[in-house]
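One structure is given here, and the rest of the page talks about it.
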Amino acid sequence: MHSPQLPQAFLSRMESMLGAEYPDFLASYENPRRQGLRLNTLKISPEDFLKISPFPLEPIPWTDNGFYYPPDARPAQHPFYRCGLYYLQEPSAMAPASLLPVSPGDRVLDLCAAPGGKATELGARLRGKGLLTANDADSSRCKALLRNLELLGISNSFVTNETPQRLAGTFPDFFDKILVDAPCSGEGMFRKEPAAVKTWSTDKSESCARLQREILAQAVHMLSPGGLLMYSTCTFAPIENEGAVSYVLEHFPEMDLKQLPETHGFSPGNPQWGNQDPRLSRCLRLWPHRVQGEGHFLALFCKKGSGEENSRPSPRASKNRKLLRPQRLLLEDFLQPLTAFLSPGFDWERVEIRGDRAYLLPDGLPKVSGLHFLRNGLFLGELKKNRFEPSQPLALALKELPPAHMNIPCQDARIPSYLHGETIVSAPGECSMASGWGVLCVDGFPLGWGKLVNGTFKNKYPRGWR
């Protein structure tokens with residue numbers, strides 16, 4: 001897109017903010033944008049993926065598992081995408097989750113998570129341990145969030161469709177790490193999404209700023225003492241960036257800012273664009289004329305105190321989880337050979353039946369009631385009369401080749417047929433089982449279920465995933 005199409009009020013403000021750098025900023029809109037993918041380290045390491053990558057990749061410097069791909073590549077059309085090996089994400093948008101220190105076992109909240117770009121990275125870094133609560137207030141966007149978490153094999157998630165206020169009433173002082181990638185005026189998306197230019201106004205920035213302060217207030221309430229909160233936006237407006245951070249520092253004395261690394265062309269926050277608190281320089285700005293990305297703002301808060309001071313809710317009680325013996329036998333018969341290929345510490349006490357569906361609940365979720373959620377843990381499958389039918393999320397949560405599988409190369413012409421719901425024929429040596437349920441794998445990575453009958457692999461790829 002060309003810079004004259006940008007709103008004059010926006011250009012005037014940017015010129016005032018950037019001074020001598022303004023011409024370079026303006027020129028960046030004439031350049032083609034860079035596109036990126038982020039590897040799913042739950043399934044493959046960057047080193048191993050580079051050995052099999054079907055297209056050339058160039059490292060994104062601010063994250064270990066992010067890469068630029070060339071304009072002529074079509075990563076969303078490759079089977080590896082359907083296996084959940086990577087997520088397509090704007091390069092600068094990878095910075096917030098990358099710079100929020102998450103460790104296995106943490107209780108993590110992504111408060112404005114849809115469609116899941118940052119939540120999937122946070123979930124991958126938990127390595128199946130701890131809890132990822134991924135929330136979005138928009139119910140339609142929440143469905144995309146759930147799908148992406150399932151696609152990337154995140155098994156320990158609690159996916160909610162709630163307001164921040166309602167969540168805060170359930171989870172006071174609960175989360176070790178919180179990410180607030182706040183709804184914003186989207187100025188950093190003007191080159192990527194030209195439609196965002198048409199909806200921009202100074203009034204929109206002001207209304208976003210009010211919403212951001214409300215969201216941040218609830219996030220502070222949910223952060224445990226000693227916890228970390230990453231605030232980010234994809235806009236340049238000071239009122240939504242340094243202004244929002246100033247609000248937190250003024251109204252919540254228990255909150256402080258941690259220094260973020262000024263590397264890779266990142267710029268510090270500007271105290272003059274907020275309340276002049278010198279701590280604002282600890283924030284980061286990613287400008288499109290300084291980095292190969294569309295732009296972002298980041299601030300990392302810490303809450304004073306330590307986790308030892310906090311008496312968080314006890315883990316969810318085990319009552320009502322007990323399986324009836326016939327249910328347990330059906331589940332054990334199918335799942336027992338797979339438990340070693342799922343997240344660490346598969347615990348039958350965390351298996352719950354709701355209706356005819358079986359779930360593996362995440363560890364460490366307190367007993368909750370009254371919250372609207374789309375998923376609590378990993379959907380394992382459905383219990384039907386005298387049989388168990390496994391789910392697509394279960395297939396994608398498997399970390400390696402399961403005992404019963406059909407493995408074919410990524411160039412195989414049968415893969416598009418399978419993804420369209422068609423039955424495919426197996427060749428000698430491709431199947432590890434003589435008959436019955438198995439996972440179709442692409443170069444060793446699970447893609448979906450099928451049932452082998454007399455050399456024919458009957459398709460069990462769900463209609464909604466095709």
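Model, not experiment: these values are computed from the prediction.
No side-chain heavy atom of I178 sits less than 4.5 Å from a side-chain heavy atom of L228. At least one side-chain heavy atom of L342 sits under 4.5 Å from a side-chain heavy atom of L378. Here the side chains of C283 and N241 are not in contact, with every heavy-atom distance at 4.5 Å or above. With contacts defined as side-chain heavy-atom distances shorter than 4.5 Å, the pair F445/I52 qualifies. Side-chain contact between L131 and F174: present, with at least one pair of heavy atoms (C-beta onward) separated by less than 4.5 Å. Between L440 and F457 the shortest side-chain heavy-atom distance falls below 4.5 Å. Under the 4.5 Å side-chain criterion, counting only non-hydrogen atoms from C-beta, S426 is in contact with C431.
Ring-plane geometry between H264 and W62 is classed as tilted, the angle between the planes lying from 30 to 60 degrees on a 0 to 90 degree scale. Aromatic ring pairs are classed by plane angle as parallel below 30°, tilted from 30° to 60° and perpendicular above 60°; the pair F55 and Y69 is tilted. In this structure, W465 and Y461 have perpendicular ring planes: the angle between them is above 60°, well past the 30° mark.
A side-chain donor-acceptor contact under 3.5 Å links D181 and S232. Residues T120 and R38 bring a donor and an acceptor atom of their side chains to less than 3.5 Å of each other.
Note: F80 and Y86 fail the aromatic proximity criterion, with ring centroids not under 6.0 Å apart. In this structure, the ring of F373 has its center less than 6.0 angstrom from the ring center of F158. Ring centroids of W449 and F388 are separated by 6.0 Å or more, keeping the two rings apart. Centroid-to-centroid, the aromatic rings of F266 and W287 stay 6.0 Å apart or farther.
The cationic group of R285 does not satisfy the cation-pi geometry with F236, failing either the under 6.0 Å distance to the six-membered ring centre or the 45° limit from the ring axis.
Not one N or O on the side chain of E193 forms a donor-acceptor pair closer than 3.5 Å with the backbone of A195. Judged by distance alone, the side chain of S92 and the main-chain N or O of G295 form a donor-acceptor pair under 3.5 Å. Of the possible donor and acceptor atoms, none in the side chain of K192 sits under 3.5 Å from a partner among the backbone N and O of E294.
Around atom NZ of K258, no more than 12 heavy atoms belonging to other residues, nucleotides or ligands sit under 6.0 Å away. Applying the 6.0 Å contact sphere to CG of D138 captures more than 12 heavy atoms from other residues, nucleotides or ligands. Within a 6.0 Å radius of NZ in K204, more than 12 heavy atoms belonging to other residues, nucleotides or ligands are found. Heavy-atom neighbours of E382 CD from other residues, nucleotides or ligands within 6.0 Å: above the threshold of 12.
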Show, in sequence, the C-alpha distance, side-chain angles and deciding distance for Y231 and F301, and conclude whether the ring pair (Phe, Tyr, Trp, His ring centres under 6.0 Å) test is met. CA-CA 8 Å; Y231 174 73; F301 294 98; 7.1 Å; no
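Closest non-hydrogen pair, P104 versus R127, comes out as CG-CG, 3.6 Å.
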